[in-house]
Amino acid sequence: MEYTTIEQLNKFESKTVELKGWVYNKRGSKGLFFIVLRDGTGLVQCVVNNGEVNEASWEVASSATQESAIIVQGVVNKDERQVGGYELQVTSLELVSIAEEYAISPKSHGVEFLMNHRHLWLRSRRQWAIMRIRNRIIMSIHNFFQESGFIQADAPILTGNAVEGTSTLFEIDYFGDPAYLTQSGQLYGEAMAMAFGKIYTFGPTFRAEKSKTRRHLTEFWMIEPEMAFYDLAMNMDLVEDFLVYLVKDVLADCSVELDVLERDIEALKRVEKPFPRVHYSEAVDLLKSDKTWDMISEEIAALKAEVPVLEAELADNKKRYGQAKKWEKKKIDAREIEINQRQEEIKESLRNLPEWQESARNFEWGSDFGGSDETLLTRHYDRPIIVHRYPAKIKAFYMKRDPEDDRLALGMDVLAPEGYGEIVGGGERATDITFLEDQIAAHNLPIEVFKWYLDLRRFGSVPHSGFGLGLERMVTWICGLSHVRETIPFPRLLGRLHP
RNA sequence: UCCUCGGUAGCUCAAUGGUAGAGCAUGCGGCUGUUAACCGCAGGGUUGUAGGUUCGAGUCCUACCCGGGGAGCCA
């Protein structure tokens, strides 16, 4: 008998194995129980037959509650109908510990409830799939850079100054002096690139802005490569290769996870080189175009047409309800909830879309794109796009100017498709010390704290570039989720510090 | 900070201003191939808080508290 994990069951067909895990779900009848076992690597249905196990094992099967810990021995059978494709015919069962009444039942729950039980919610199947994909992406990130001659070099988390002077940071007391939790490893990354050539940082990042949206966390993980002797074009080539590489790995290794999440694989398969490269001015024109206006009008019309259809179904269901059998009533009730939720979604979209439409049309050259603008831009394409050369005044002080148009900075953002928006921000850095000194003054930043940074331009200044990838936003997009909060084990959000 | 939507049983949700309900979960009973199993029975409520309007408030009004979504800002 061999102890193994659910993930490895395909190597033990028709053999007897031992599994250790938790009861994910249980159903059964007088002499037969179906226990869905969860061990962290997957799920498997264990069949306990009264006639085939001893009394002690049968007692464990009858008394085990949801999330009770058990050790199961049994024969592995291939069964295509089951989750994971295998089933265990149980020969013996041992109870490790009985679980109290479990809060998260197999039915649906609201966001607040689940967030309050995040420590338990992580055991659920969707969360399992998301965390495994997160893990796969992290591994691929390291592989990509390590294979390409980068070394990982970490930037400090505690800093004495705000990097860009724009964001609101978390302030702490550092032995009597004010200090901040880092909002970016950027400047340190540049120093390390001058030391090692090509580096990447991978660590937590903190933003104290009071953003309450599906794209924001107050604590998130960022990957920031920085490369000496790279210009903007090379930087864009790198980010393109990088993202294609990550998506390919997830598609190759996480088909089960993507399936659990019901992710549209085709959308991910379209993530191929080359990504459209859209000049800021071009993006502004597209945003203000009739094409964008009409696209939204069509969407509004489609949503408006959906309302009477839903209402008709609701009325029809109500009519049938009186005479419906019990199981039909349950179906009607469930459908009613679905319809109500859909109606709320439509209402919200109908509130938002006209505003988006107006704001896109009235967009002024020189402003930064808002969340809705990014969504609208990406809807014109089937894969990520790279928007480059933004107005300098909306970008950080260290951005190099476009030699062909001084109003522009050599920055670039990658916008993910399907409405996911900005996942990468980066660009080519300024090399001229006088320019940087002027910029620091123009941004009202204290020159003293940038003394060390300016040294980088004093001793062998070279063209260099880099970017930052928001891990959680990447995972949200790859998994096709509606909110970043599910992409990190214990999300920190505005108003959320526990558990 | 501002805009917007919401708060009813442990959970998810119903309830033209007129007797607060259902499903799940829990307990008991039935069923040897179930797939969020099913069937029967039972327990379970100060409708977020405080006021107000009314013969009568879950429903209308005011204030506050908590949560969702969005703006600003950003990965």
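Chain identifiers are assigned alphabetically (A, B, ...) following the order of the sequence lines, protein sequences preceding nucleic acid strands; residue numbering begins at 1 within each chain.
- Taking the nucleotide of RNA chain B with the nearest heavy atom to each of A/N352 and A/A103, the more 5' of the two is matched to A/A103.
- Not less than 6.0 angstrom separates the ring centroid of A/F206 from the ring centroid of A/F220.
- Rounded to whole Å, the distance from NZ on A/K212 to C1' on B/G70 is 10 Å.
- Among the nucleotides B/G70, B/A75, B/G69, the one closest to any side-chain atom of A/M222 is B/A75.
- If you take CD1 of A/I98 and P of B/U26, they are 12 Å apart, rounded to a whole angstrom.
- B/G69 and B/A20 are spaced 30 Å apart, taking the C1' atom of each and rounding to whole Å.
- Between the C1' atom of B/U4 and the CH2 atom of A/W356 lies a distance of 14 Å, rounded to the nearest Å.
- For B/U16, there is no paired nucleotide, since no Watson-Crick or G-U wobble pair has both relevant distances below 3.5 Å.
- Residue A/R27 has no polar side-chain atom (N or O) positioned under 4.0 Å from OP1 or OP2 of B/U32.
- Of the C1' atoms belonging to B/C65 and B/G48, the separation is 7 Å, rounded to the nearest Å.
- Counting non-hydrogen atoms under 4.0 angstrom, A/R485 reaches the backbone sugars and phosphates but no base.
- At the heavy-atom level, A/F113 lies under 4.0 Å from the strands shown only through sugar-phosphate atoms.
- Between the side chain of A/S211 and the base of B/G72 there is at least one donor-acceptor pair of N/O atoms closer than 3.5 Å.
- Comparing B/C31, B/U1, B/C73 by their nearest atom to the side chain of A/S29 picks out B/C31.
- Using a 4.0 Å heavy-atom cutoff across all strands shown, A/H483 reaches sugar-phosphate atoms only and no base atom.
- Using a 4.0 Å heavy-atom cutoff across all strands shown, A/G28 reaches at least one base atom of the nucleic acid.
- Rounded to whole Å, the separation between the P atoms of B/C5 and B/C60 comes to 13 Å.
- Taking atom P on both nucleotides, B/A75 is separated from B/A63 by 38 Å, rounded to a whole Å.
- Nucleotides B/U26 and B/C11 are separated by 12 Å at their C1' atoms, to the nearest Å.
- With distances taken from any side-chain atom of A/K30 to the nucleotides B/U32, B/U12, B/G33, the minimum falls on B/U32.
- Comparing B/G45 with B/C31, their C1' atoms are spaced 34 Å from each other, to the whole Å.
- Searching all strands for a Watson-Crick or G-U wobble partner of B/G40 with both distances below 3.5 Å returns B/C28.
- B/A75 has its base stacked against the ring of A/F220, the centroids being under 5.5 angstrom apart at an interplanar angle below 30°.
- Applying the 4.0 Å criterion to OP1 and OP2 of B/G72, one finds that A/H216 has every side-chain N and O outside that range.
- Taking side-chain N and O atoms only, A/R215 has a distance below 4.0 Å to OP1 or OP2 of B/A71.
- B/A42 and B/A22: their P atoms are spaced 10 Å apart (whole Å).
- The distance between atom CG of A/L169 and atom C1' of B/C73, rounded to the nearest whole Å, is 12 Å.
- Nearest to the side-chain atoms of A/R351 among the listed nucleotides B/C74, B/C5, B/G69 stands B/C5.
- A/Q341 and A/E345 form no side-chain donor-acceptor contact under 3.5 Å, judged by distance and modelled atom types alone.
- Nearest to the side chain of A/N49, among B/A75, B/G68, B/U32, sits B/U32.
- Annotation: A/F144 is not in aromatic contact with A/F150 [ring centroid separation under 6.0 Å not met].
- Nucleotide B/A71 is matched to B/U1 when pairs are restricted to Watson-Crick or G-U wobble geometry with both distances under 3.5 angstrom.
- Mapping A/Q89 and A/G470 onto RNA chain B via the closest heavy atom, the residue that lands nearer the 5' end is A/Q89.
- Nucleotide B/G23 forms a Watson-Crick or G-U wobble pair with B/C11, both donor-acceptor distances falling under 3.5 Å.
- Side chain of A/Q45, nearest nucleotide from B/G33, B/C74, B/G68: B/G33.
- Nearest to the side chain of A/E112, among B/G69, B/G67, B/U35, sits B/G67.
- Note on A/K210: a base of the nucleic acid sits closer than 4.0 angstrom, heavy atoms only.
- Rounded to whole Å, the distance from CZ on A/F369 to P on B/C73 is 13 Å.
- The interatomic distance linking A/H498 (NE2) with B/C66 (C1') rounds to 16 Å, in whole Å.
- Under the Watson-Crick or G-U wobble criterion, with both distances below 3.5 Å, B/G6 is paired with B/C66.
- Using a 4.0 Å heavy-atom criterion, one finds that A/L217 contacts the bases of the nucleic acid, with or without backbone contacts as well.
- Comparing B/U47 with B/U19, their P atoms sit 15 Å apart, to the nearest whole Å.
- Within the 4.5 Å cutoff, no side-chain heavy atoms of A/E224 are placed close to those of A/F467.
- Listed nucleotides B/C13, B/U35, B/C74 differ in distance to A/I337; the shortest reach to its side chain belongs to B/C13.
- Checking B/C11, B/A75, B/U34 against every side-chain atom of A/E87, the shortest atom distance belongs to B/U34.
- The side chain of A/N25 places an N or O atom within less than 4.0 Å of a non-bridging phosphate oxygen (OP1 or OP2) of B/A37.
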Is there a side chain to side chain contact (heavy atoms under 4.5 Å, CB included) between A/T65 and A/V23? Walk through the geometry before answering.
CA-CA 7 Å; A/T65 52; A/V23 176; over 6 Å; no

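- Using a 4.0 Å heavy-atom distance criterion, A/N50 is classed as making no nucleic acid contact.
- Straight-line distance from the CG atom of A/L114 to the P atom of B/G67: 16 Å, rounded to whole Å.
- For B/A75, neither phosphate oxygen OP1 nor OP2 lies less than 4.0 angstrom from any side-chain nitrogen or oxygen of A/R473.
- Within the nucleic acid shown, A/Q82 comes within 4.0 Å of at least one base atom, counting heavy atoms only.
- The distance between atom CG of A/L494 and atom C1' of B/G68, rounded to the nearest whole Å, is 12 Å.
- Of the listed nucleotides (B/G70, B/C74, B/C24), B/C24 has the atom at the smallest distance from the side chain of A/S105.
- At least one cation-pi condition fails for A/R123 and A/W128: the charged atom is not both under 6.0 angstrom from the six-membered ring centre and inside a 45 degree cone around its axis.
- Shown here, B/U59 forms no base pair; nothing in the strands shown gives a Watson-Crick or G-U wobble contact with both key distances under 3.5 Å.
- Evaluation of the side chain to side chain donor-acceptor pair (under 3.5 Å) rule for A/R125 yields no partner, not counting sequence neighbours.
- For A/K198 and A/E226, the salt-bridge test fails: no basic side-chain N is under 4.0 Å from an acidic carboxylate O.
- Aromatic pair A/H142/A/F202: ring centres closer than 6.0 Å.
- A/V424 comes within contact range of the sugar-phosphate backbone alone, with a heavy-atom separation under 4.0 Å but no base atom that close.
- Using modelled atom types, one finds no donor on one side chain facing an acceptor on the other under 3.5 Å when comparing A/R379 with A/T375.
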